[in-house]
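Ligands are counted one by one from 1 in listed order, and the atoms in each one are counted from 1 as well.
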Amino acid sequence: MANADRVRVRGLSIARPIVYGNSARLLTSKERENVPPEHTHRWTVALRSAASAPGSDIVGGADDLSYFLKRVSFKLHETYPNPVRNIDKPPFELSETGWGEFEVHIKLHFIPESGEKVITIYHHLKLHPWSLSGDTESIPPLEVAQKAGTVHSWQYEEIVFNDPYQNFLNILTNNPPTPIPRTNTSGRTIPFHIGNPASFESLKGGVPEFTSLLEKDEAERLDKAKKLIIAEQEKTRALLIAKEKELARLQKMLNG
Ligand code: SLL
């Protein structure tokens, strides 16, 4: 690196939107013939650009992220042979078969020009359909899983680079991310939201896509929740004051 490239651009932050997560589906009986007998699912865990390619049935992945990512390593459960799987070129994803859910450790290695340290993110590999009861422990019967089709669990995130090296900043600005669309490009607005099983119902076998409208929805949801909490706090406070008054009154009675 030339000296001028080693200069950090102080006070500047630049971000890149990503999605990470997994899709999973049941193996067909034919497919089960070629895997260990206890394996029931095929899954794909991936780290991709946030925007989906037009018309694609893949979650995210419109942009090739190798302009800033050198390697993505996925650390699987130790029941897998060679649990650390290094992916050194796009697509940064991994498919396997298995029977159980576990925490995948995803390590992002950036290109040397970035001078950035490795980032580790965690993803709970999801195999079983989102339950509407909110009971995440229960594994649904096979018929239910079959009907649910492909299970998706994805998280939107922004990788923020603070005070980037000039050289790295140039690389980033030369590779602007595809903006996420305002609404789902398939024409459906999917209230897709991690951990909100109700919204997965409305997906009806479709492929989730991250949109800015989704972000707005999420912000509104948080705002509503915050207002609700404040109202609850106010109610509790009023109750407390009333109780304290009552206590004082009773104490006075006792003493008097
Ligand atoms: C569980 N804590 O007990 C989890 C562990 C491990 C999943 C799940 C493949 C293993 C293999 C596999 O699905 N491991 O190939 O033997 O549910």
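- Ring pair Phe110/Phe161: centre-to-centre distance below 6.0 Å.
- For Phe74 and Tyr80, the ring centers sit 6.0 Å or farther from each other.
- In this structure Arg71 satisfies the salt bridge (charged side-chain N to carboxylate O under 4.0 Å, His left out) test together with Asp88, sequence neighbours excluded.
- Under the 3.5 Å distance criterion, the side-chain polar atoms of Arg6 are left unmatched by any main-chain donor or acceptor of Tyr165.
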Please list every donor-acceptor pair under 3.5 Å in which a side-chain atom of residues 14-23 meets a protein atom from a residue at least two apart or in another chain.
unit_1: Arg16; atom_1: NE; unit_2: Tyr67; atom_2: OH; d: 2.8
unit_1: Arg16; atom_1: NH2; unit_2: Leu172; atom_2: O; d: 2.5
unit_1: Arg16; atom_1: NH2; unit_2: Asn175; atom_2: O; d: 3.4
unit_1: Asn22; atom_1: OD1; unit_2: His123; atom_2: NE2; d: 2.7
unit_1: Asn22; atom_1: OD1; unit_2: Lys126; atom_2: N; d: 2.9
unit_1: Asn22; atom_1: ND2; unit_2: Lys126; atom_2: O; d: 2.8

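- Chaining together hydrophobic side chains whose heavy atoms lie under 4.5 Å apart places Leu27 alongside Val35.
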Could you list each N/O atom of ligand 1 together with any protein N/O atom closer than 3.5 Å, one pair per line with the distance?
unit_1: ligand 1; atom_1: 13 (O); unit_2: Tyr80; atom_2: OH; d: 3.3
unit_1: ligand 1; atom_1: 13 (O); unit_2: Trp99; atom_2: N; d: 2.8
unit_1: ligand 1; atom_1: 13 (O); unit_2: Gly100; atom_2: N; d: 3.2
unit_1: ligand 1; atom_1: 14 (N); unit_2: Thr79; atom_2: OG1; d: 2.9
unit_1: ligand 1; atom_1: 15 (O); unit_2: His39; atom_2: NE2; d: 2.8

